Amino acid sequence: MLDMNNVAVIDYGMGNLHSVAKAVESLSADVRVSVTSDAEQILNADRIIFPGVGAIRDCMAEIRRLGVDEIVTKAVAEKRPVLAICVGMQALMERSEENGNVDCLNMLPGQVLRFGGGKALLDANGQRLKVPHMGWNQVTQTQPHPLWHKVEDNTRFYFVHSYYVQAGEPNQVAGTSEYGEVFTAALSQDSLFAVQFHPEKSQHAGLQLLDNFLHWDGTR
Amino acid sequence: MALAKRIIPCLDCDKGRVVKGVKFEDIRDAGDPVEISRRYSEAGADEITFLDITASSEERETTVHTVEAIAGQVFIPLTVGGGIRTLSDIRTMLNAGADKVAINTAAVTNPEFVREAAERFGSQCIVVAVDAKKVSQPGEDNRWEIFTHGGRRPTGLDAIDWVRRMVDYGAGEILLTSMDRDGTKIGFDLELNKAVSEAVDVPVIASGGVGNLQHLADGVVKGGADAVLAASIFHFGEYSIPEAKQFMADQGIEMRLLASAE
């Protein structure tokens, strides 16, 4: 159908893509979600979700093997809206400390670092913090963006990760959160928006963000 | 600004039905895990844990469909436990929409399974569930042992050594149940909780013995838990999740409070 909103969820064999597909499908009867690794199908979609769970080395190996790096680069060059989630976001950076340093896609400047950097992670009161950072934390919106539409500042989203993004370009940071240190919770560059948290697991706030993505034209 | 402590209602399911049922007002089907999960999510539950107690493997097909149905409608994290013994069991549950799996007996039978599971699927989705019982005598230093088969079978494993080993093997979270307290409604075993929480770097979920809201708060404040799991106090409508969250927040615990009930 002509006025269908086609969303491709990039499938590179790493974990649970059912949740994000179901969450997007629940938002509108006019949305068609394909979970696929087919480059042509992905590049024909109106918008693209680049998810990821698990360890970065295995993810990067599959991303490269399936040419996902070229697909994402091309989609962004064509100004197609792309939403990267969790390890999908980390994969866009220069490199990750996980698995003994792994080169990532180098699409955005910045590093992926371990919480605490090998030392005990402490909060403002000196209490030890657990790693992974697992649960609902507040996200401070550091710049206005169409994806924050109807999402209140400092709303809680669901996170689960042991490594975090340290952005290299402050202007690209769209949101921050704090866990022992302030880290990048959301990045924005052209038609690309990347989040460390899981909107598909963040109930109303997460569904609002996904709905915003469905209506986003990729511009500011 | 900080990470919120979590409240996790637990659904015990047999052949796709919630065991003992749930007493909510105006609920259409008190045994339907999908509807109950949706209610809890709307009420502000931070996660859902689905514990499959179905005995026969043939009937596990039902569980997979139930997990699919919950994951298709409830957009908060879902942990599935019960009968997770192989990498293929994990893959099946993750593909059905579970975010995490809880491994219990299979970890005791074959600890390497936890290592393989964490390597294959990532620590973030591997919860090791441990059932511990106090075995020290009064006057001795506290000592807890791991039990299986609903607390009936001792394993000889020291609980603190065991959780350390499981985290070393890649467990991303520990679901800790005190078999002494389970079903008693007299509160968590706070000493056990504190000892486990201090022994490992990963989050610990306290379980077993909740009878009132103070018990939940104590689990966090005195037991060092990152999350609290409860079944009956929520199922039978004694307390609602918003009440529990407000009670804990009033005691200075960081909680995710919803702006409204909807």
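Values reported hereafter were calculated over all heavy atoms of this structure, with side chains retained and with hydrogens, waters and symmetry mates removed. All of these numbers come straight from a predicted model, not from anything done at the bench.
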B:S123 portion near chain A, given a 4.5 angstrom heavy-atom threshold
neither
Best-contacting candidate, B:A71, B:P203, B:G122, against chain A by heavy atom pairs under 4.5 angstrom:
B:P203
Under 4.5 Å from any heavy atom of chain A, what part of B:A2 do you find: side chain, backbone, both or neither?
backbone
B:E119 portion near chain A, given a 4.5 angstrom heavy-atom threshold:
backbone
Chain B interface, residue from A:L129, A:D123, A:V131, A:T140 that has the most non-hydrogen pairs under 4.5 Å:
A:V131
Using a cut-off of 6.0 Å, state whether more than 12 heavy atoms not belonging to A:K130 lie near its atom NZ.
yes
Yes or no on side-chain contact (heavy atoms from CB on, under 4.5 Å) for B:E68 and A:H18, after CA distance, side-chain angles and deciding distance?
CA-CA 9 Å; B:E68 270 171 7; A:H18 177 99; 4.2 Å; yes
List the steps, then state whether side-chain contact (heavy atoms from CB on, under 4.5 Å) holds for B:C125 with A:V53.
CA-CA 9 Å; B:C125 66; A:V53 292; over 6 Å; no
One pair to check against side-chain contact (heavy atoms from CB on, under 4.5 Å): B:R6 and A:M134. What are the steps and the verdict?
CA-CA 10 Å; B:R6 291 168 279 153; A:M134 187 186 287; 3.7 Å; yes
Evaluate whether atom CZ of B:R115 has more than 12 neighbouring non-hydrogen atoms of other residues, nucleotides or ligands under 6.0 angstrom away.
yes
To the nearest 0.5 angstrom, please state how far the CD atom of B:Q124 sits from the CZ atom of A:F159.
15.0 Å
Options A:G180, A:A21, A:S162, A:P132, ranked by heavy-atom pairs under 4.5 Å with chain B, top entry:
A:P132
Nearest-0.5 Å distance, CG of residue B:L3 to CD of residue A:Q138
10.0 Å
Quick one: what part of A:L121 sits under 4.5 Å from any heavy atom of chain B, side chain, backbone, both or neither?
neither
Testing the basics here: between B:D99 and A:K201, what is the closest heavy-atom pair and its distance to 0.1 Å?
OD2-NZ, 2.8 Å
Between B:D201 and A:R128, does any side-chain N to carboxylate O distance fall below 4.0 Å?
yes
Dump the intermediate steps for side-chain contact (heavy atoms from CB on, under 4.5 Å) on B:I76 and A:Y158, then the final yes or no.
CA-CA 8 Å; B:I76 60 174; A:Y158 188 83; over 6 Å; no
Measure distances from A:S202 to the heavy atoms of chain B and classify the residue's part below 4.5 Å as side chain, backbone, both or neither.
backbone
A:S19 and B:F75: which non-hydrogen atoms are nearest, and at how many Å?
O-CE2, 4.4 Å
Return the option, out of A:H161, A:Q127, A:R156, with the maximum number of heavy-atom pairs under 4.5 Å with chain B.
A:R156
Working to the nearest 0.5 Å, report the span between CG of B:L258 and NE2 of A:H204.
6.5 Å
Would you check if the side chain of A:Q203 reaches a backbone N or O of B:S41 as a donor-acceptor pair within less than 3.5 Å?
yes
